[in-house]
Protein chains: 2
Amino acid sequence: MALGKDYARQQCSIARALEVIGERWTLLVVRDAFYGVRRYNDFLVHLGIPRAVLAARLQALVEAGVLDRRRYRESPPRDEYVLTERGLALWPVLRSLATWGRTEVPGAVPLRHFHHADCGTELGPYGECPSCRLPVPLADVEMRPGAGLDPDPDDPVSRALLRPRRLLVPLEA
Amino acid sequence: MALGKDYARQQCSIARALEVIGERWTLLVVRDAFYGVRRYNDFLVHLGIPRAVLAARLQALVEAGVLDRRRYRESPPRDEYVLTERGLALWPVLRSLATWGRTEVPGAVPLRHFHHADCGTELGPYGECPSCRLPVPLADVEMRPGAGLDPDPDDPVSRALLRPRRLLVPLEA
DNA sequence: CCTTGAGGTTCATTCACCGAACCTACAGGT
DNA sequence: ACCTGTAGGTTCGGTGAATGAACCTCAAGG
């Protein structure tokens with residue numbers, strides 16, 4: 001959201017949350033992390049975000065404890081960014097935002113659907129499985145492309161995300 | 001969030017939602033609307049937002065169909081801003097953000113609690129009433145102040161919001 | 001030795017946010 | 001008739017963040 005991020009006067013949990021994830025691009029970075037994006041360059045091409053902004057956002061998210069930065073290769077040193085427990089707890093926020101964007105923004109075509117991988121049922125309004133009647137753990141959520149998605153995107157990350165995949169599974173796997 | 005709001009390249013319901021409510025201050029305006037704030041001046045003193053920004057946000061939210069502007073007095077003409085159906089549908093977003101801000105942002109003290117007005121039970125993680133086992137309609141949600149709230153704030157709007165109140169009930173009522 | 005790719009940093013420009021001041025219209029008091 | 005206060009804005013100059021392009025480093029591959 002938005003920025004210059006001091007909502008200091010606000011006595012409000014929502015304002016506290018927005019200080020961490022309210023800046024422009026931040027929630028889209030987190031969304032990509034749920035989709036399995038982990039590397040700087042993959043975020044870069046998929047989001048079309050300026051490099052400097054991406055570096056700033058990743059650093060801020062690591063400092064806030066939402067992402068964990070970890071070395072996956074020495075020489076040359078390469079790091080990946082993975083959601084922490086605190087980051088995973090943002091799933092309800094993203095899910096409810098996606099629901100609102102799909103149902104309440106005029107002219108929106110369904111772009112991605114979320115299903116219970118075990119039984120294939122599309123998730124209900126609270127992220128539960130309506131047929132199993134249980135909340136679905138994140139690792140059992142499968143993302144499936146919807147009708148509105150560009151079938152032949154330019155960048156390889158978008159192409160990888162065209163196939164049904166479980167959340168959190170790294171892209172290169 | 002933050003903005004300059006064109007996430008045009010993003011094929012994503014979340015990005016669509018953020019184009020509407022992702023700018024800085026926007027979600028706090030919507031939050032206040034849920035608390036019963038309806039008038040320009042009440043938003044102004046409660047949020048501490050620059051006047052020009054408030055005017056721009058209110059206008060954008062009206063154009064997006066989130067708020068409805070309606071005349072409540074002629075001469076001098078005075079308008080109030082009320083949530084539409086589309087705006088009310090943002091409640092899950094705000095609730096999940098508040099939950100995350102309270103439980104995952106370090107050092108946060110509970111500031112406001114949400115209860116089922118009929119039975120007094122605090123709402124569960126999905127906005128349901130754990131004892132009645134039913135989703136609670138918005139009009140039956142009661143906001144109660146928590147321990148971390150300043151007991152003697154400066155502005156009259158914050159003072160009015162110190163008392164337990166149902167959501168959506170206008171401040172002056 | 002040259003090229004490529006990953007992961008950044010630096011820089012100038014643009015744009016949004018900020019706070020303060022100003023404007024209009026009406027109501028009430030003297 | 002005049003002053004004051006309130007509601008709801010608009011306008012303005014200054015600041016700081018976002019943007020896109022260019023540049024840098026290290027290592028691997030040919």
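Just so it is clear, the values below take in all heavy atoms, side chains as well, and ignore hydrogens, waters and symmetry mates. Every chain is numbered from 1 and lettered A, B, ... according to where its sequence line falls, protein lines coming before strand lines.
- The CD atom of B:E80 sits 17 Å away from the C1' atom of D:dG9 (whole-angstrom rounding).
- Between B:R24 and C:dC18, a side-chain N or O to OP1/OP2 separation shorter than 4.0 Å is present.
- Counting only heavy atoms from C-beta on, B:R78 has its side chain closest to C:dA25 among C:dG8, C:dA25, D:dT11.
- Side-chain to base pairing of A:R51 with C:dG7: one donor and one acceptor N or O lie within less than 3.5 Å of each other.
- Side-chain N/O atoms of B:N41 include none lying less than 4.0 angstrom from OP1 or OP2 on D:dG8.
- Summary of the strand contacts: A:R73 and A:A52 both lie near DNA chain C, and taking for each the nucleotide with the nearest heavy atom, the more 5' one is attributed to A:R73.
- For A:P77 and A:P50, each mapped to the nucleotide of DNA chain D holding its nearest heavy atom, the one lying further toward the 5' end belongs to A:P50.
- Atom P of nucleotide D:dA17 and atom CG of A:L54 are separated by 18 Å, given to the nearest angstrom.
- We find that CG of A:L18 is positioned 14 Å from P of C:dC17, with the value rounded to whole Å.
- Relative ring orientation between A:F34 and A:W91 is described as tilted, the plane-to-plane angle lying within the 30° to 60° band.
- Summary for the helix from C:dC1-D:dG30 to C:dT30-D:dA1: the axes at its two ends, each from 5 pairs, differ by 10° when rounded to the nearest 10 degrees.
- Side-chain nitrogen and oxygen atoms of A:Y72 include at least one within less than 4.0 Å of the OP1 or OP2 phosphate oxygen of C:dG7.
- Applying the 6.0 Å contact sphere to CZ of A:R71 captures more than 12 heavy atoms from other residues, nucleotides or ligands.
- Contact annotation: B:Y81 reaches the phosphate of D:dG9 (side-chain N/O to OP1 or OP2, under 4.0 Å).
- For A:R57 and D:dA17, the CZ to C1' distance is 9 Å, given to the nearest whole Å.
- Between A:W25 and D:dT19, a side-chain N or O to OP1/OP2 separation shorter than 4.0 Å is present.
- The OH-C1' distance, from A:Y40 to D:dT25, rounds to 13 Å in whole Å.
- The CG atom of A:D42 sits 12 Å away from the C1' atom of C:dG5 (whole-angstrom rounding).
- When the side-chain nitrogen and oxygen atoms of B:R69 are compared with OP1 and OP2 of D:dG9, one or more of them lie within a distance under 4.0 Å.
- Atom CZ in A:R38 sits roughly 18 Å away from atom C1' in C:dG7 (whole-Å rounding).
- C:dT9 atom P lies 7 Å from atom CD of A:Q59, rounded to whole Å.
- Following chains of ILVMFWY side-chain contacts shorter than 4.5 Å, one can reach A:L111 starting from A:L162, so the two form part of one hydrophobic cluster.
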